[in-house]
Student: 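Here it is, the structure, as structure tokens.
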Amino acid sequence: MQTAANLMPIPGHVDPVPVPRAPSLRADGRIDLIGLTKEQLRQTLLDAGMELKQAKLRGKQIFHWLYNRGATEFAQMTDIAKAQHPWLTERFVVGRPEVVEAQVSTDGTRKWLLRSPDGQDYEAVFIPDADRGTLCVSSQVGCTLNCTFCHTGTMRLVRNLTAGEIVGQVMLARDALGEWPSQPEGRMLTNIVMMGMGEPLYNFDAVRDALKLVMDGDGLALSKRRITLSTSGVVPMMARAGAEIGVNLAVSLHAVTKEVRDEIVPLNRKYGIEELLQACADYPGANNARRITFEYVMLKDKNDSDADAHELVRLLRHYDLPAKVNLIPFNPWPGANYECSTPDRIRSFSDIVFEGGISAPVRTPRGRDIDAACGQLKTAAEKKSRAELDREAAALVA
């Protein structure tokens, strides 16, 4: 008979156990349609009492208005009979995240502090460039990973975001940019990165379902080649992400030795560097045209030596990885125990990796003045865990 110790032999980070639970009901009892697929929309209309043939038709029409046209009210859905609008409005709502605060950086970066109906805060960031516009999307309220250089990592995990809350961030950005209806050409929001708050592969189902809505040609219609999912190395889920989502992969590597990565990315104690890089080598669809991005935050006197750079080249070549390395100057935050590497040190590190035949651009920090840069996202308010909210709700009933 196995003991608990036998089942968990590796000290350190423990995978959170996802417990499926129904989304919180809105206070008004209506169902939010954002996040539902065509089939789910049809079934939701059926469950509300609509006749089957009509539910099929209305489901397709509503899907188009939600995800292609950006409608936020049923009155805008002009091909649905006006007589049916009150019936829909009484039972359903087309939601958007509540915007608590919207900030714009001096460099044009936009950050939204968003709030869910159950009072949880999370953030999304839009980064405009000359040839693209990238939306950084959150997958969780808080994070379990405790990466020591990351401000988000100092938050506790409150809960996973729903598929509707994830895709809602994209739709809110489209609202703000005036980019409805969806169209493939001429839009500012061209790319999505799942690099906001949380570890996407610890909220796999909701992230997958949200990104499928984003990629649906009848909906938001963004190519999977323009979407990147970032993970700190949840190895068992990486192959599944490649098979079921199929977007580009980014890996938060940040160190090349066990000792240093154990410290700054504690997940390394469970899934080590070699296991992680092998999972990258096995990732479906990775090739020279769709390289895996390795994110590497530059920490002074911690992971930035010439020896570290040479070892990074050796590791990536050993696993024959189609790779690009993003060197990220450390973005400071109050209480951080690290400093950013000097510009000369970063340049030397980059040169060594380039000489090894691997692209290693230095990412220009964006949105630092509004705490929107990489590793800086953290909602100001400490939020209560779902268990605490459940206990308080039970106490009120009693």
Student: Hey, does Leu249 have a side-chain heavy atom less than 4.5 Å from the side chain of Met238?
Tutor: yes
Student: Transitive ILVMFWY cluster of Leu46 at side-chain heavy atoms under 4.5 Å: who else is in it?
Tutor: Leu52
Student: Less than 4.0 angstrom from a charged side-chain N to a carboxylate O is my criterion; do Glu179 and Arg187 meet it?
Tutor: no
Student: Does the side chain of Asp308 pick up a donor-acceptor pair with the side chain of Asn303 at under 3.5 Å?
Tutor: no
Student: Examine the side chains of Gln43 and Asp47 and answer whether a donor and an acceptor come within less than 3.5 Å of each other.
Tutor: yes
Student: Regarding Arg159 and Glu165, does a basic nitrogen lie under 4.0 Å from an acidic carboxylate oxygen?
Tutor: yes
Student: Establish, for the pair Arg174 and Trp180, whether the NZ or CZ atom is under 6.0 angstrom from the six-membered ring centre and no further than 45 degrees off its axis.
Tutor: yes
Student: Using a distance-only test with no angle check, is there a side-chain donor-acceptor pair under 3.5 angstrom linking Arg69 and Gln76?
Tutor: no
Student: State, with a plain yes or no, whether a side-chain heavy atom of Leu161 is found less than 4.5 Å away from one of Tyr122.
Tutor: yes
Student: Just by distance, with hydrogens left out, do Tyr202 and Ser139 show a side-chain donor and acceptor under 3.5 Å apart?
Tutor: no
Student: Regarding Glu295 and Ser230, do their side chains bring together a donor and an acceptor under 3.5 Å, going by distance alone?
Tutor: yes
Student: Please examine the side chains of Cys280 and Phe294, heavy atoms only from C-beta on, and report whether any two atoms are closer than 4.5 Å.
Tutor: yes
Student: Is any side-chain heavy atom of Leu276 closer than 4.5 Å to one of Leu253?
Tutor: yes
Student: Does the side chain of Thr109 reach to within under 4.5 Å of the side chain of Val104, using non-hydrogen atoms?
Tutor: no
Student: Between Arg225 and Asn248, do the side chains contain an N or O donor and an N or O acceptor separated by less than 3.5 Å?
Tutor: no
Student: With a 4.0 Å cut-off on N to O distance, would you call Asp301 and Arg345 a salt bridge?
Tutor: no
Student: Does this structure show an ion pair linking Glu263 with Lys302, if we count only N-O contacts that are shorter than 4.0 Å?
Tutor: yes
Student: Got a sec, which residues hit side chain to side chain contact (heavy atoms under 4.5 Å, CB included) with Thr134, two or more places apart in sequence or on another chain?
Tutor: Arg132, Asn191, Val193
Student: Using the ring of each side chain (for Trp, its six-membered ring), is Tyr296 parallel, tilted or perpendicular to His254, with breaks at 30° and 60°?
Tutor: tilted
Student: Could you verify whether a donor N or O on one side chain and an acceptor N or O on the other, from Ser348 and Asp351, lie under 3.5 Å apart?
Tutor: no
Student: Kindly indicate, with the supporting measurements, whether the criterion side-chain contact (heavy atoms from CB on, under 4.5 Å) is fulfilled by Met188 and Phe126.
Tutor: CA-CA 10 Å; Met188 291 175 64; Phe126 177 70; 4.2 Å; yes
Student: Do we see a donor-acceptor contact under 3.5 Å between the side chains of Glu123 and Gln169?
Tutor: no
Student: Can you tell whether the side chains of Asp218 and Lys38 come within less than 4.0 Å, N to carboxylate O?
Tutor: yes
Student: Got Thr89 and Arg30 here, is their nearest side-chain heavy-atom distance under 4.5 Å?
Tutor: yes
Student: Is it the case that more than 12 heavy atoms not belonging to Asp320 sit under 6.0 Å from its CG atom?
Tutor: no
Student: Identify the two heavy atoms, one from Val167 and one from Ala210, that lie closest to each other, and give their separation to 0.1 Å.
Tutor: N-CB, 4.0 Å
Student: Around atom CZ of Arg317, are there more than 12 heavy atoms of other residues, nucleotides or ligands at under 6.0 Å?
Tutor: no
Student: Less than 4.0 angstrom from a charged side-chain N to a carboxylate O is my criterion; do Arg208 and Asp205 meet it?
Tutor: yes
Student: Check whether more than 12 heavy atoms from other residues, nucleotides or ligands sit under 6.0 Å from atom CD of Glu51, and answer yes or no.
Tutor: yes
